[in-house]
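Let me begin by presenting the structure, written as structure tokens, before commenting on it.
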Amino acid sequence: MHNIIVIGSGCAGNTAAIYAARASLEPLVVEGLEAGGQLTLTTDVENFPGFPEGIMGPDLVERMKQQAQRFGATYKQGEVTRADLSSRPFKLWIGDQELETKTLVVASGASARWLGLDSEQALIGHGVSSCATCDGFFFRGQPVTVVGGGDSAMEEALFLTKFATEVAVVHRREAFRASKIMLDRARANDKIRWITNAAVTAVEDPDARSVKNVRLRSTVDSKEWDHPTNALFLAIGHIPNTEIFRGQLDLDDQGYIVSYGGARTNIPGVFHAGDVQDRVYRQAITAAGAGCMAAIEAERLLESEE
Ligand code: NAP
């Protein structure tokens with residue numbers, strides 16, 4: 001029987017683990033399929049307070065983990081595939097293994113969104129990717145394409161200019177969602193080519209097991225054309241990892257956990273932290289803050305029950 005299990009090992013989960021461990025609750029962190037969370041897919045983090053020179057994303061998250069382990073947190077590889085939150089103790093399953101816990105912090109984060117095209121899905125890992133930092137290197141000296149108009153798209157495009165001959169940014173509107181600083185930085189880079197008001201309708205060629213061309217359609221007049229490229233990087237946002245809680249935790253129309261104030265969910269003893277609930281800020285620092293809140297609330301609940 002655990003006092004507290006944390007699902008997820010990104011900024012939110014690690015911070016919850018640090019606080020719970022320092023409160024002598026001996027937290028168990030189930031790392032999830034994407035251990036370390038979204039920070040492991042990024043490069044320089046320039047806006048996390050305390051690092052005036054910036055820090056690499058994977059480095060930051062690894063330090064958080066070590067900090068939690070120092071105070072007695074245990075990390076377990078694997079993914080929680082089923083949860084029974086109908087009564088306490090809550091039951092969780094990692095495959096066949098059953099775990100019981102008095103309190104639960106859901107910090108399972110959000111995963112990359114895909115366009116949902118068959119040709120795109122067929123080419124994931126063969127030129128279609130959601131992670132420039134992971135896969136950009138393979139396209140050294142080649143033209144590549146990024147889809148999206150937010151900060152992630154700008155960040156991916158800028159990163160890819162280090163390898164690629166040209167980086168085309170395809171965005172479905174004229175206006176960009178990205179912050180001014182990121183957009184200005186991308187606009188100042190002459191390796192980046194801008195294709196606005198366009199949507200990807202197909203990726204070619206699944207039969208050749210590589211990306212050769214992207215079919216684009218104008219969102220203004222529906223005209224279609226070919227855009228030759230050797231890789232397609234998707235940077236079109238994320239989907240919260242809440243599927244296993246559907247029907248138990250209250251979720252909003254996009255699948256994010258509904259907050260009942262602080263870190264509380266609709267089930268007493270289950271707390272949310274980070275991008276699994278936050279569709280607005282979605283920053284490393286806000287996720288860390290949310291992890292802290294969740295752990296403090298879990299600790300107070302356990303204390304009140306003693
Ligand atoms: P985002 O801000 O939600 O932007 C997603 C982009 O993808 C939007 O431009 C959206 O277009 C487009 N999009 C969504 N679905 C699409 C579809 N089916 N087809 C084509 N385009 C689609 O997501 P994000 O860029 O991942 O950023 C998430 C959060 O992380 C933000 O708060 C951001 O500031 C933060 N972030 C910060 C940094 C940094 O500061 N260094 C870096 C990365 C991310 P529309 O604009 O038309 O909706």
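Model, not experiment: these values are computed from the prediction. Counting starts at 1 for both ligands and their atoms, in listed order.
- The existence of a salt bridge linking K102 and E305 is excluded, since no basic side-chain nitrogen approaches an acidic carboxylate oxygen closer than 4.0 Å.
- Here OG1 of T81 is found 9.0 Å from CH2 of W93. Values are rounded to the nearest 0.5 Å.
- When hydrogens are left out, the protein atom nearest atom 23 (O) of ligand 1 is G237 CA, 3.8 Å; that is the closest non-hydrogen contact.
- Side-chain contact check for E98 versus E100: some heavy-atom pair is nearer than 4.5 Å.
- Residue, atom and distance of the protein heavy atom nearest to atom 19 (N) of ligand 1 are L115 CD2, 3.5 Å.
- Looking only at side-chain heavy atoms (C-beta outward), D250 and Y260 come within less than 4.5 Å of each other.
- When each atom of ligand 1 is checked for a heavy atom of N47 under 4.0 Å away, the hits are 40 (O).
- Looking at atom 36 (N) of ligand 1, its nearest protein heavy atom turns out to be D151 CB, 3.7 Å.
- Residue E46 holds its CD atom at 7.5 Å from CD1 of I181, rounded to the nearest 0.5 Å.
- Using a 4.0 Å cut-off to heavy atoms of R173, the atoms of ligand 1 that qualify are 45 (P), 46 (O), 47 (O).
- In this structure, the separation between NZ on K91 and CG on L99 is 11.5 Å, given to the nearest 0.5 Å.
- Contact annotation: E46 has no heavy atom less than 4.0 Å from any atom of ligand 1.
- Using a 4.5 Å heavy-atom cutoff, the side chains of F233 and V167 are not in contact.
- At least one N or O atom of R177, backbone or side chain, sits closer than 3.5 Å to an N or O atom of ligand 1.
- Looking from atom 29 (C) of ligand 1 to the surrounding protein, the closest heavy atom is R282 NE, 3.8 Å.
- The atoms of ligand 1 that sit less than 4.0 Å from any heavy atom of Y281 are 32 (O).
- Here the protein heavy atom with the shortest distance to atom 16 (C) of ligand 1 is R172 NH1, 3.4 Å.
- Not close to ligand 1: F176, with no non-hydrogen atom less than 4.0 angstrom away.
- Residues R246 and E243 are paired through a salt bridge, judged by an N-O separation under 4.0 Å between the basic side chain and the carboxylate.
- Taking a 4.0 Å cut-off on heavy atoms, M154 fails to register as neighbouring ligand 1.
- Around atom 39 (C) of ligand 1, the closest heavy atom drawn from R113, R185, E174, E155 belongs to E155.
- The protein non-hydrogen atom at the shortest distance from atom 9 (O) of ligand 1 is G149 N, 3.0 Å.
- The protein heavy atom nearest to atom 44 (C) of ligand 1 is S152 OG, 3.4 Å.
- Note: Q69 CD to N14 CG = 8.5 Å, rounded to the nearest 0.5 Å.
- Counting protein heavy atoms only, atom 7 (O) of ligand 1 is closest to I236 CA, 3.2 Å.
- Residue M182 has no nitrogen or oxygen atom sitting less than 3.5 Å from a nitrogen or oxygen atom of ligand 1, judged on distance alone.
- Expressed to the nearest 0.5 Å, how far OG of S152 lies from CZ of R113 amounts to 11.5 Å.
- Under a 3.5 Å cut-off, the side chain of Q277 and the backbone N or O of H272 do not form any donor-acceptor pair.
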